Amino acid sequence: MSKALGIREDNRLVYEGYSGYGYGLWPSPILSPATFISFFEKNYDLPIRSDRFSIKYLFREEGFDPVSRTRRGRFYKRDGQQPNQWFVQPHPILIQERRYDGLNELKKMLYTYSTFQFFSVVKRSEIKEKLVFLGHDDAHSICSIINVETIATNEDLVTLKSRPTFGIIPNLNEGDIPDKRRTAVTNSLILFSNEVHKASPISIIDRARDAAAAMLGAYVEKENIGRFDLDLNDLIKKVRNSGKDKRKLIAENAADIVRIFHARAKPSEMERRNLRPITEQDAELAINCVGTILCELGWAQW
């Protein structure tokens, strides 16, 4: 018999119990819509805010560390036809229910979610290839799965780490970006930022490469050391061969990291060179590299 959560549609109060028998929880737990996504998926749908009770999975947060951006909690899965009939004890916050004589349970219709074995959705071998989106289509966090452990109640306690989505780009000094390439650079950064908020690590690295090429291209044209429309590898060589300015050295090496990640993300390259798969941590490094390039070229500050 698995534990279940029941949610009232009118007041959003939460109940917990077994097989339709339960009690009210107060304070109410933090419940987030959850969507499981593969690293390689490009087309997916996130829950819509206005359609609250069609959500397939919920994440019940039981611990959060803002420094490490880790969350711990349990997942629940939507139970068949909704809502379901429950028999419950009076909810502690509903004063009118305190007059209840206690001879019989109160009958309520609740939207029901049951705990489930986490590995029925994600196999342990696939943990590093899955992302969890918490929230709705217009406001959500993107998390990687760090650990899964079974607790005494035979439930899976899952640890997640969220991807940073605010402050991913330093504060731009747009006036310092060369006039001829300013629009191209800012547009590439907008596309890059959008990917960070919604995409897989491989897609993030793709857009990081585009942004790095746009930035180095603008620098190369400004310094009159070559064409701006070259491949990223050629742009890196142009910057590298133009002098020994330490700021340029850091920028060119940050761009080179992005270039290498982009190359190794290709399945054919991974197989040919026996490389490990791209991870969420690789994507975070690529994100930081984009910001570093901007700062080292003097076009932004953290």
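Nothing here was measured: the structure is a model prediction, and the numbers come from that model.
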Salt-bridge test for Asp256 and Arg259: reply yes if a basic N is under 4.0 Å from a carboxylate O, no otherwise.
yes
Grouping ILVMFWY residues whenever side-chain heavy atoms fall under 4.5 Å, the cluster of Tyr21 otherwise contains Phe87
Are side-chain heavy atoms of Ile205 and Ile278 found at a separation under 4.5 Å? yes
### Message
Are Met215 and Glu296 packed together at the side-chain level, in the sense that at least one heavy-atom pair is separated by less than 4.5 angstrom?
### Response
no
Q: Please answer whether the main-chain N or O of Asn154 pairs with a side-chain N or O of Gln117 as donor and acceptor at a distance below 3.5 Å.
A: yes
Taking a hydrophobic cluster as the set of Ile, Leu, Val, Met, Phe, Trp and Tyr residues connected by side-chain heavy atoms closer than 4.5 Å, whether directly or through intermediates, do Ile30 and Val132 fall within one such cluster?
no
Q) Does a side-chain heavy-atom distance below 4.5 Å link Ile204 with Phe192? A) yes
**Asked** Taking a hydrophobic cluster as the set of Ile, Leu, Val, Met, Phe, Trp and Tyr residues connected by side-chain heavy atoms closer than 4.5 Å, whether directly or through intermediates, do Trp26 and Leu94 fall within one such cluster?
**Response** yes
Please check: side-chain N/O of Glu252 versus main-chain N/O of Lys237, any donor-acceptor pairing under 3.5 Å? no
Interatomic distance, CZ@Arg207 vs CD1@Ile287, rounded to 0.5 Å, equals 13.5 Å
Check: Any side-chain heavy atom of Glu280 sitting closer than 4.5 Å to one from Pro201?
Finding: yes
Joining Ile, Leu, Val, Met, Phe, Trp and Tyr whenever any side-chain heavy atoms lie under 4.5 Å apart, the cluster holding Ile151 also takes in Leu157
side-chain contact (heavy atoms from CB on, under 4.5 Å), that's the test. Do Tyr18 and Lys3 meet it? Break it down for me.
CA-CA 5 Å; Tyr18 296 90; Lys3 278 189 175 182; 3.1 Å; yes
Residues passing the salt bridge (Lys or Arg N to Asp or Glu O under 4.0 Å) test with Asp282, sequence neighbours excluded, are Arg276
| said: Keeping Tyr219 on the side-chain end and Leu235 on the backbone end, is there a donor-acceptor pair under 3.5 Å? | reply: no
Those residues at least two apart in sequence (or on a different chain) that pass salt bridge (Lys or Arg N to Asp or Glu O under 4.0 Å) with Arg78 are none
Using the rule that Ile, Leu, Val, Met, Phe, Trp and Tyr join whenever any side-chain heavy atoms are under 4.5 Å apart, tell me whether Ile93 and Tyr15 fall into a single cluster. yes
In this structure, CG of Asn288 is separated from SG of Cys295 (nearest 0.5 Å) by 10.5 Å
For a quick test of your reading: what N or O donor-acceptor pairs under 3.5 Å do the side chains of residues 56-63 make, sequence neighbours left out?
| residue | atom | partner | partner atom | Å |
| --- | --- | --- | --- | --- |
| Arg60 | NH1 | Glu16 | OE2 | 3.0 |
| Arg60 | NH1 | Tyr76 | OH | 2.9 |
| Glu61 | OE1 | Arg71 | NE | 2.8 |
| Glu62 | OE2 | Arg74 | NE | 2.6 |
| Glu62 | OE2 | Arg74 | NH2 | 2.6 |

Correct closest heavy-atom pair for Val290 and Ala211 would be CG1-CB, 4.5 Å
Interatomic distance, CG@Asn147 vs CG@Asp156, rounded to 0.5 Å, equals 10.5 Å
For Phe75 and Ala34, the nearest pair of non-hydrogen atoms, with its separation, is CE2-CB, 3.7 Å
Pairwise side-chain contact, Ile293 with Trp299, heavy-atom cut-off 4.5 Å (strictly under):
no
**Prompt:** Is there a side-chain contact between Ile169 and Val196 (heavy atoms, below 4.5 Å)?
**Reply:** no
Q) Would you say the side chains of Asp210 and Ser188 form a donor-acceptor pair under 3.5 Å? A) no
Residues passing the salt bridge (Lys or Arg N to Asp or Glu O under 4.0 Å) test with Lys108, sequence neighbours excluded, are Glu97
Distance col, row Ile202:CD1 vs Glu195:CD, nearest 0.5 angstrom, shows 12.0 Å
*If you measure from the Lys or Arg side-chain nitrogens to the Asp or Glu carboxylate oxygens, is any gap between Asp229 and Arg181 under 4.0 Å?*
no
query = Looking at side-chain heavy atoms only, is the closest gap between Leu110 and Ile7 below 4.5 Å?
reply = no
Closest non-hydrogen atoms of Thr115 and Glu155, given as atom of the first, atom of the second and distance, are CG2-OE2, 2.9 Å
> When clusters are formed by joining ILVMFWY residues with side-chain heavy atoms under 4.5 Å apart, either directly or through shared neighbours, do Val185 and Val258 land in the same one?
Replying inline: no
Requested in this report: Find out whether Lys161 and Ser68 are in side-chain contact, i.e. whether some heavy atom of one side chain is under 4.5 Å from a heavy atom of the other.
Outcome: no
When rounded to the nearest 0.5 Å, the distance separating CG of Leu294 from CG of Asn171 is 11.0 Å
CG (Leu297) and CG (Asn173) are apart, to the nearest 0.5 Å, by 12.0 Å
query: Are Ile225 and Ile177 connected, step by step, through hydrophobic side chains (Ile, Leu, Val, Met, Phe, Trp, Tyr) whose heavy atoms are closer than 4.5 Å?
result: yes
| said: Run Glu223 and Lys248 through salt bridge (Lys or Arg N to Asp or Glu O under 4.0 Å) and show every step you take. | reply: CA-CA 12 Å; Glu223 298 297 315; Lys248 289 188 296 184; over 6 Å; no
